[in-house]
Undergrad: 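The structure is given below, and queries will be raised subsequently.
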There are 2 protein chains.
Amino acid sequence: MDTFFGALSDPTRRAVIEALVTGPRPVGELHAPHDIALPTFLKHLKVLEASGLVRSEKKGRVRIVHIEAAPLAEAEAWLHRQRRLWEGRLDRLGALAEQLEREHKSDGDRR
Amino acid sequence: MDTFFGALSDPTRRAVIEALVTGPRPVGELHAPHDIALPTFLKHLKVLEASGLVRSEKKGRVRIVHIEAAPLAEAEAWLHRQRRLWEGRLDRLGALAEQLEREHKSDGDRR
DNA sequence: CGAATAGTTAGCCGTATGGCTAACCGAATG
DNA sequence: CATTCGGTTAGCCATACGGCTAACTATTCG
């Protein structure tokens, strides 16, 4: 999951993902809008591919890149779970209950 | 958004988020389960705070850290949007329509 | 007030990351 | 078959990142 969020932490790579949601694209086409050298761009693609967000295969001299939806869903689920837990906590507990919970935990931790 | 996904790309920092969904915690308590030096851990907290995922304030000699839900929701929304676009595309277009779309785009791009 | 507690700051170190250029390889194409 | 096109490999560079220790500040407690 590290490589996963890491892959999304770069604007160029997020842009590639955004481009790919409308369908598979060859490397050159993906590279065009970005003002960086091709080899540099290729590194980004490798990062994306290593993270599982993207796959590609070569047809003739062209490499076609396509998105992989499953990891997106996985990350989304993680974020959703954290947010739900946090918000659920706010719903269930008032400031008082929270205070009690904290004090209880502190007692348990003391050695 | 860079700093944002970047913050989540480290397991220690994700663990901190997971710990914080059950409520605010002092630095020491957050640090305890991680087998790294305190100053190193503090850096992670700073990264989290810089990314907006977390806030903290000092009470006496203790610093209390709490999660910030909004950015979580934002990232979740981005992921969801990408996934929806991708899957929506699969629904709307068959392989044939996809082919046409691609050829059309290629024509338009040719200078 | 002196000692212990909870963070904080500063600085060092090795690896990873994002950028480049130069040179190369294999599939079209004239 | 020579050329061009699309991509790939190799290697260099500077900065960022994750880890450490040592030393310091600011509370709190006895």
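A, B, ... follow the sequence lines: proteins, then strands. Residue 1 opens every chain.
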Undergrad: Students often get this wrong, so: under 4.0 angstrom with heavy atoms, is B:Lys58 touching a base, only sugar-phosphate, or nothing?
TA: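 Sugar-phosphate contact only.
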Undergrad: Figure out the NE2/C1' separation between B:His31 and D:dG19, and round it to whole Å.
TA: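 So the two atoms are 12 Å apart, to the nearest Å.
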Undergrad: Would you say CZ of A:Arg81 has more than 12 non-hydrogen atoms from neighbouring residues, nucleotides or ligands within 6.0 angstrom?
TA: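 Count over threshold, so yes.
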Undergrad: Among the candidates D:dG7, C:dT21, D:dT21, find the nucleotide nearest to the side-chain atoms of A:Pro26.
TA: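 Taking heavy atoms from C-beta onward, the closest nucleotide is D:dG7.
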Undergrad: Consider the side chain of A:Arg13, meaning its heavy atoms from C-beta on, and name the nucleotide among C:dG18, C:dT8, D:dG19 that approaches it most closely.
TA: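 Shortest atom-to-atom distance from the side chain points to C:dG18.
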Undergrad: Report the residue (A:Phe41 or A:Arg61) whose heavy-atom-nearest nucleotide on DNA chain C is the more 5′ of the two.
TA: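 Result of the comparison: A:Phe41.
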Undergrad: Identify whether any heavy atom of A:Leu42 sits under 4.0 Å from a base atom; if not, whether one sits that close to sugar-phosphate; answer base, sugar-phosphate or nothing.
TA: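 Base, at least one base heavy atom under 4.0 Å.
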Undergrad: What is the distance, rounded to the nearest whole Å, between atom CG of B:Leu38 and atom C1' of D:dC24?
TA: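 From B:Leu38 CG to D:dC24 C1': 14 Å.
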Undergrad: B:Asp35 CG to D:dG18 P: how many Å, rounded?
TA: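 About 17 Å, once rounded to whole Å.
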Undergrad: Please determine, for the side chain of B:Ile36, which listed nucleotide (C:dC20, D:dG6, D:dG19) has the closest atom?
TA: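 Shortest atom-to-atom distance from the side chain points to D:dG19.
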Undergrad: Could you state the CG-C1' distance from B:Leu8 to D:dC17, rounded to the nearest angstrom?
TA: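 Computing the B:Leu8:CG to D:dC17:C1' distance gives 16 Å.
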Undergrad: For DNA chain C, whose closest nucleotide is more 5', that of B:Arg63 or that of B:Lys43?
TA: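 First, find each residue's nearest nucleotide; the 5'-ward one identifies B:Arg63.
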Undergrad: Categorize A:Lys46 for me: base, sugar-phosphate, or nothing, with a 4.0 angstrom heavy-atom threshold over every strand shown.
TA: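 A:Lys46: backbone/sugar contact only, no base atoms under 4.0 Å.
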Undergrad: Tell me the interatomic distance from A:Leu45, atom CG, to D:dT9, atom P, rounded to whole angstroms.
TA: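 So the two atoms are 12 Å apart, to the nearest Å.
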Undergrad: Would you mind telling me which of B:Ile64, B:Val54, B:Ile67 makes a side-chain contact (heavy atoms from CB on, under 4.5 Å) with B:Pro24?
TA: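 It is B:Ile64; the other options fail the test.
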Undergrad: Any chance you could measure B:Arg14, atom CZ, to A:Leu79, atom CG, to the nearest 0.5 Å?
TA: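 Here the rounded value is 10.0 Å.
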Undergrad: If every non-hydrogen atom of A:Phe4 is compared with every non-hydrogen atom of A:Leu53, which pair is closest and at what distance?
TA: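 So the two residues come closest at CE1-CD2, 3.7 Å.
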Undergrad: Could you give the NZ-to-C1' distance, from A:Lys59 to D:dG7, as a whole number of Å?
TA: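 Rounded to the whole Å, the gap is 17 Å.
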Undergrad: Can you tell me if B:Thr40 touches the phosphate of D:dC20, counting only side-chain N or O atoms and a distance under 4.0 Å to OP1 or OP2?
TA: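 For D:dC20, OP1 or OP2 has a side-chain N or O of B:Thr40 closer than 4.0 Å.
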Undergrad: Please determine, by modelled atom types, if B:Glu76 and A:Trp78 share a side-chain donor-acceptor pair under 3.5 angstrom.
TA: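 Absent: no donor and acceptor within the cut-off.
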Undergrad: Tell me: NE2 of B:His44 to P of C:dT8, nearest whole Å?
TA: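 It is 15 Å, rounded to the nearest whole Å.
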Undergrad: Between C1' on D:dA16 and CG on B:Asp2, what's the gap in Å once rounded to a whole number?
TA: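 The distance from CG of B:Asp2 to C1' of D:dA16 comes to 13 Å, rounded to the nearest Å.
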Undergrad: The side chain of B:Pro39 lies closest to which of these nucleotides: D:dG6, C:dA22, C:dT8?
TA: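 Taking heavy atoms from C-beta onward, the closest nucleotide is C:dT8.
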